[in-house]
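Have a look at the structure below, then the notes.
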Amino acid sequence: MDSQTTLPLSQMDKMGHEQIVFCQDPYTGLKAIIGIHNTVLGPALGGTRMWSYATEAEALTDVLRLSRGMSYKAAISGLNLGGGKAVIIGDSRTLKSEALMRRFGSFVDSLGGKYITAEDVGMTTKDMEYIHMETDHVVGIPETLGGGGDPSPVTAYGVYVGMKAAAKKAYGNDSIAGKKVLVQGSGNVGGYLVDHLMEEGAKVMIADIFEDKIRKVLEKHPNVTVVDAKVISSVDMDIYAPCALGATLNDQTIPNLKCQIVAGAANNQLAKEDIHGKMLLDRGIVYAPDFLINAGGLINCYSELEGYNRDRAFQSAEGIYETTEQVLNKSSETGKPSYQIANEMAEERIEKMAQIHRSL
Ligand code: NAD
């Protein structure tokens, strides 16, 4: 027997979610939560994360937070998408099976396209293929199956143009040539970002905790300087590009940062949005909000819904430059931190579109 419960709106959290769906299937051991934050702009899109949450409450908190973040990311990027996210509760190394993934796919399908899923932490391409067998409401699938494949090149391009817009704000022109840029995390996105930076003539430094990731970049770009991953925040640099983990902008790092700009791909860079966004502003550091400049991955997924075209995805990611400029200009005009301006612009777009739909 399986069951699916939809909580009424009145019981949902203060973040304003539309719908939370709890899915369970004792036969396969599936326990999952699908969070639909907002569908004013379009279907709620966001990846499925598989994780060994200590409690179901922890899983719920994660899905609420992440799905809300997706609404903001889609809204600020001008996409006609809402925000959603799903979590499968359990150890991704031991609990996975074809049946579990396909059962999850059938839950996604039961929402009739209101939620569109994609790959996230703990999931593989193979898992997404199983989910896809039960539902068409999946993006980020391999190119061989008609999808857009790895979104990292588009994400890296968006980060690069966002960084250039930040350079324009900080230096009066958007050239990165000759600037000392530290890329923290030379993985998928970091690696492609280095390509753009080197092509423009930046002085690139990289840091990673794994030798093989560093070696891969050095093979392509022998002139890149490697710095110790443990001393990032005190490195002498112009631009800091966090492309590894979240929360690297915190009480310990911000006072030591020797840079004029922070612009990178990592999600949730500010340990505490309000406190650390303000700390960066007070230090005169231009901060390009992470969820705005790393939206290339989402843009890539979005273009799959329209019939995938990689050129169009890159072209669309180019828009990140202009939006970053607007956010940073408004931030200096109002004295508000840039992350706050970006949040307000996202909320405003959702509210305006809700209004026009109400008046139709
Ligand atoms: P990845 O796993 O390929 O790369 C991350 C790299 O960071 C790895 O090489 C890892 O070894 C390194 N790393 C981990 N801890 C580190 C530390 N303490 N110091 C230095 N390096 C460290 O991941 P990715 O796909 O390149 O994504 C990078 C970041 O961007 C993540 O936060 C991800 O959530 C975010 N992001 C990625 C995409 C995308 O399209 N891939 C889209 C939006 C956001």
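Read the numbers this way: they start at 1 and go in the same order the structure lists the ligands and their atoms.
Closest protein heavy atom to atom 5 (C) of ligand 1: Cys243 O, 3.8 Å. For atom 3 (O) of ligand 1, the closest heavy atom belonging to the protein is Asn188 N, 2.9 Å. From the protein, the heavy atom lying nearest to atom 32 (O) of ligand 1 is Ala244 O, 2.8 Å. Residue, atom and distance of the protein heavy atom nearest to atom 8 (C) of ligand 1 are Asp208 OD2, 3.5 Å. Protein heavy atom at the shortest distance from atom 33 (C) of ligand 1 is Asn267 ND2, 4.1 Å. The nearest heavy-atom contact from the protein to atom 15 (N) of ligand 1 is Ile209 CD1, 3.6 Å. Looking only at heavy atoms of the protein, atom 43 (C) of ligand 1 is closest to Asn294 O, 3.5 Å. Atom 27 (O) of ligand 1 has its closest protein heavy atom at Val189 CG2, 3.9 Å.
When each of Lys169, Lys164, Lys168 is paired with Asp174, the salt bridge (charged side-chain N to carboxylate O under 4.0 Å, His left out) condition holds for Lys164 and for no other. When each of Thr117, Asp127, Asp120 is paired with Thr48, the side-chain hydrogen bond (donor to acceptor under 3.5 Å, both in side chains) condition holds for Thr117 and for no other. A salt bridge (charged side-chain N to carboxylate O under 4.0 Å, His left out) with Asp236 is found for one member of Lys180, Lys258, Lys203 and no other, namely Lys180.
Between Thr155 and ligand 1, an N or O atom pair is found at a separation short of 3.5 Å. Considering both main-chain and side-chain atoms, Lys73 never comes within under 3.5 Å of ligand 1 through any nitrogen or oxygen pair.
In summary, the side chains of Asn188 and Asp150 do not present any donor paired with an acceptor at a separation below 3.5 Å, with no hydrogens or angles considered. For the residue pair Lys272/Asn250, the side-chain donor-acceptor check at 3.5 Å is not satisfied. When only modelled atom types and interatomic distance are considered, Ser97 and Tyr130 share no side-chain donor-acceptor pair under 3.5 Å.
Under the 6.0 Å cut-off for aromatic ring centres, Tyr157 and His196 qualify, their centroids lying closer than that.
Per-residue contacts place Ala207 under 4.0 angstrom from the following atoms of ligand 1 (heavy atoms of the residue considered): 20 (C), 21 (N). Residue-ligand proximity, Gly185 to ligand 1, at heavy-atom distances under 4.0 Å covers atoms 6 (C), 7 (O), 12 (C), 21 (N). Close approach of ligand 1 to Ser152 (heavy-atom distance below 4.0 Å) involves ligand atoms 40 (O), 41 (N). Per-residue contacts place Phe210 under 4.0 angstrom from the following atoms of ligand 1 (heavy atoms of the residue considered): 11 (O). Near Leu245, with a cut-off below 4.0 Å to any heavy atom, the atoms of ligand 1 are 15 (N).
Protein heavy atoms are found less than 4.0 angstrom from atom 13 (N) of ligand 1. The protein reaches atom 21 (N) of ligand 1 closely, with a heavy atom under 4.0 angstrom from it.
Residues Phe104 and Ala86 approach most closely at CZ-CB, 3.7 Å, considering heavy atoms.
Looking at Lys336 and Glu344, a side-chain N of the basic residue comes within less than 4.0 Å of a carboxylate O on the acidic one, giving a salt bridge.
Distance check: Tyr115 OH to Lys85 NZ gives 7.5 Å after rounding to the nearest 0.5 Å.
Note: Tyr72 and His37 have tilted aromatic rings, judged against thresholds of 30 and 60 degrees for the angle between ring planes.
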